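In this text, all values refer to a predicted model and were calculated from it rather than measured experimentally. First the proteins, then the strands, lettered A, B, ... as listed; each starts at 1.
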2 protein chains.
Amino acid sequence: MRPQKVLDKEIIIGLTQVFRSRGYEGASLQELSEATGLKKASLYHRFPNGKQQMADAVLNYINEWVNDNVFQALLNNDFEPKIRLKNGLSQIRTLYDGGNNTCVFRALSMQAGIELFEEQINKGMNEWLSTFKKIGVALNFKPQEAEQKAMQVLIEIQGSLIVTKGLGDITIFENTLKNIEHHYLKA
Amino acid sequence: MRPQKVLDKEIIIGLTQVFRSRGYEGASLQELSEATGLKKASLYHRFPNGKQQMADAVLNYINEWVNDNVFQALLNNDFEPKIRLKNGLSQIRTLYDGGNNTCVFRALSMQAGIELFEEQINKGMNEWLSTFKKIGVALNFKPQEAEQKAMQVLIEIQGSLIVTKGLGDITIFENTLKNIEHHYLKA
DNA sequence: TATTAATTACCGAACATTCGGTAAAATTTA
DNA sequence: TAAATTTTACCGAATGTTCGGTAATTAATA
């Protein structure tokens, strides 16, 4: 019996895991094949434009996940802003597996990657900024302050992921999430 | 005539530039050869253990540069703490070319790199932390506060470099340097 | 000092391996 | 059966690495 068709989602998850940890150049077709359970040629059936299209799909997948989870939590008017912030940060914790996962933006923004994915990364980061600006405004900060805070959040998340990995200490990421919450709620 | 010896420093500078912008996997021997002016085989004459040894040398070179410039400026007792801080941040600006350069730690800490250079990156980051703790103490912060501030500095520098690159906006890095200065001097 | 040996600095060419990618056949699904 | 999907088998190019060798400088020897 021939193996059953591998689900799209499982494929994307496998690709994501590899690109995320290896970066664009570091992700080899062999590893991508092993992680997805599809042979190289099968991957090319699903992604005729090859590696680049695979990474593209990963970027879209993460973008969707962030929209459906992080941003949704932050903007869900069923809850008051404080709760939304907490929920959003909790989703971010999940996104980066408590600091164990690298950010896809980072993984795909080294030289060879940045030219290919510049646009998506730029767009993605701007969406983070505008969403966090909104939660800032909802928490009664002036627009300009909210904008600065949003930038600060983005920088601290990215920075703490790097330092977390560099020092091999997960608590750094966790502390950063707590600090972000305090920054918003102390005023 | 025997070709003149290519200066060690010139080689390291070329290697640094490539590893920094391309990452470990992305840095090809061809590119490293072009950047240094040495043919591949000659690079192997200087670095018998190949690519890994080259990246290792880059890490050491940057570490030395940071010690001789950034840390030296921060710890130079000929100046008062405020001035030292300003000078240190100015050296950091130079190190990252105002936000145009990637951090070598980041470039060499993707999966394939992190296993090889884990130790050096860990050690390097801890040196940043302890040095910035010292300037914090010199500015009359309690040891614990100074420690937290040092971590914050490291995170913000790393994060702002990522976001600067992702958004293609140099002012983000510059603003972060200003913010760091304010964080230290406002209390 | 003159001669010899060892070392240094470099390079062209080839090495095995891995890379991303493809054509065609086999298998499954409908 | 026809279309869709996966596989095997393969490719050219690029990768990191090594080999064999040249020429100049340095060190040791006599």
Side-chain angles (χ1 to χ4, degrees), chain A residues 1-59 107-108 110-117, chain B residues 1-59 61 104 107-108 110-117:
Chain A
M1 263 258 285
R2 195 170 71 141
Q4 219 186 344
K5 177 181 171 175
V6 181
L7 294 174
D8 285 6
K9 196 163 189 176
E10 286 175 26
I11 296 178
I12 294 285
I13 289 173
L15 296 178
T16 301
Q17 192 219 320
V18 177
F19 277 116
R20 203 176 223 188
S21 58
R22 293 280 183 189
Y24 186 71
E25 329 243 9
S28 71
L29 268 279
Q30 180 175 305
E31 218 174 338
L32 293 167
S33 165
E34 286 162 5
T36 53
L38 285 182
K39 302 285 175 176
K40 275 197 289 180
S42 300
L43 278 174
Y44 269 84
H45 177 69
R46 307 288 191 100
F47 304 94
N49 290 331
K51 203 176 166 182
Q52 188 169 340
Q53 190 180 351
M54 297 179 210
D56 210 79
V58 165
L59 237 18
L108 296 178
M110 285 305 295
Q111 192 76 338
I114 195 130
E115 294 141 12
L116 302 171
F117 309 113
Chain B
M1 262 259 283
R2 176 167 83 156
Q4 220 190 338
K5 180 178 176 175
V6 179
L7 295 176
D8 287 5
K9 197 162 190 178
E10 286 176 24
I11 295 178
I12 291 287
I13 289 174
L15 296 178
T16 300
Q17 193 219 319
V18 176
F19 277 116
R20 200 176 225 188
S21 58
R22 294 279 182 188
Y24 186 70
E25 329 245 11
S28 72
L29 265 284
Q30 181 175 307
E31 216 173 342
L32 292 167
S33 164
E34 286 162 6
T36 54
L38 285 181
K39 300 289 176 179
K40 281 197 281 182
S42 303
L43 280 173
Y44 271 83
H45 174 69
R46 304 289 193 99
F47 306 95
N49 290 332
K51 202 176 165 182
Q52 187 170 341
Q53 190 180 350
M54 297 178 210
D56 210 79
V58 166
L59 237 17
Y61 168 70
V104 194
L108 296 178
M110 285 304 298
Q111 192 76 338
I114 195 133
E115 294 141 10
L116 303 170
F117 309 113

> Does a side-chain N or O from B:Arg46 land closer than 4.0 Å to OP1 or OP2 of C:dT8, or not?
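Indeed not, no polar side-chain atom of B:Arg46 lies that close.
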> So does A:Ser42 get a side-chain nitrogen or oxygen closer than 4.0 Å to the phosphate oxygens (OP1/OP2) of D:dT7?
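So the side chain of A:Ser42 is within the cut-off, an N or O lying under 4.0 Å from OP1 or OP2 of D:dT7.
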> Could you check how far CD of B:Gln53 sits from P of D:dG16, rounded to whole Å?
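Atom-to-atom, B:Gln53 to D:dG16, this comes out as 16 Å.
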> Considering all heavy atoms of both residues, which atom of B:Leu38 and which atom of B:Ser33 are nearest to each other, and what is their separation?
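Looks like O-OG, 2.7 Å.
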> Rounded to the nearest 0.5 Å, what separation is found between the CZ atom of B:Phe47 and the CG atom of B:Asp56?
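B:Phe47 atom CZ to B:Asp56 atom CG measures 10.0 Å (nearest 0.5 Å).
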> When you measure from the side-chain N and O atoms of A:His45 to the phosphate of D:dT5, is any distance below 4.0 Å, counting only OP1 and OP2?
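For A:His45, the contact criterion (side-chain N or O under 4.0 Å from OP1 or OP2 of D:dT5) is met.
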> Quick check: closest heavy atoms across A:Arg20 and A:Ala107, and the distance to 0.1 Å?
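A:Arg20 and A:Ala107 have their closest heavy atoms at O-CB, 3.5 Å.
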> Carefully, step by step, assess B:Arg46 and B:Ile11 under the rule side-chain contact (heavy atoms from CB on, under 4.5 Å).
CA-CA 10 Å; B:Arg46 304 289 193 99; B:Ile11 295 178; 3.0 Å; yes
> Using OP1 and OP2 only, check whether a side-chain N or O of A:Lys51 sits under 4.0 Å from C:dG20.
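Result: yes.
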> Rounded to whole angstrom units, what separation is found between the CG atom of B:Leu15 and the C1' atom of D:dG16?
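Those two atoms, CG and C1', are 15 Å apart.
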> Quick one: OH on B:Tyr24 to CE on A:Met110, what's the gap to the nearest 0.5 Å?
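Going from OH on B:Tyr24 over to CE on A:Met110, the span is 14.0 Å.
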> Just how far is it from atom CD1 of B:Ile12 to atom CE of B:Met54, taken to the nearest 0.5 Å?
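Here the interatomic distance stands at 10.0 Å.
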> Can you check the B:Phe47 CZ to C:dC10 P distance for me, whole Å?
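Between P of C:dC10 and CZ of B:Phe47: 11 Å.
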> Can you measure B:Lys40 atom NZ to C:dA13 atom C1' for me and round it to whole angstrom units?
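That distance rounds to 10 Å.
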> Could you check how far CG of B:Leu38 sits from P of C:dC11, rounded to whole Å?
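After rounding, the reported distance stands at 6 Å.
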> Can you list, in residue-number order, the parts of residues 29-37 of chain B that come under 4.0 Å of DNA chain C, counting heavy atoms only?
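Heavy-atom contacts with DNA chain C come from no residue of residues 29-37 of chain B; none.
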> What nucleotide among C:dG20, D:dT18, C:dT22 has an atom nearest to a side-chain atom of B:Ala41?
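It is D:dT18.
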> Side chains of B:Leu29 and B:Lys51: does their closest heavy-atom pair fall under 4.5 Å?
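The answer is yes; the side chains approach within 4.5 Å.
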> Respond yes when some side-chain nitrogen or oxygen of A:Ser28 is under 4.0 Å from OP1 or OP2 of C:dC19, and no when none is.
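Yes, within the criterion.
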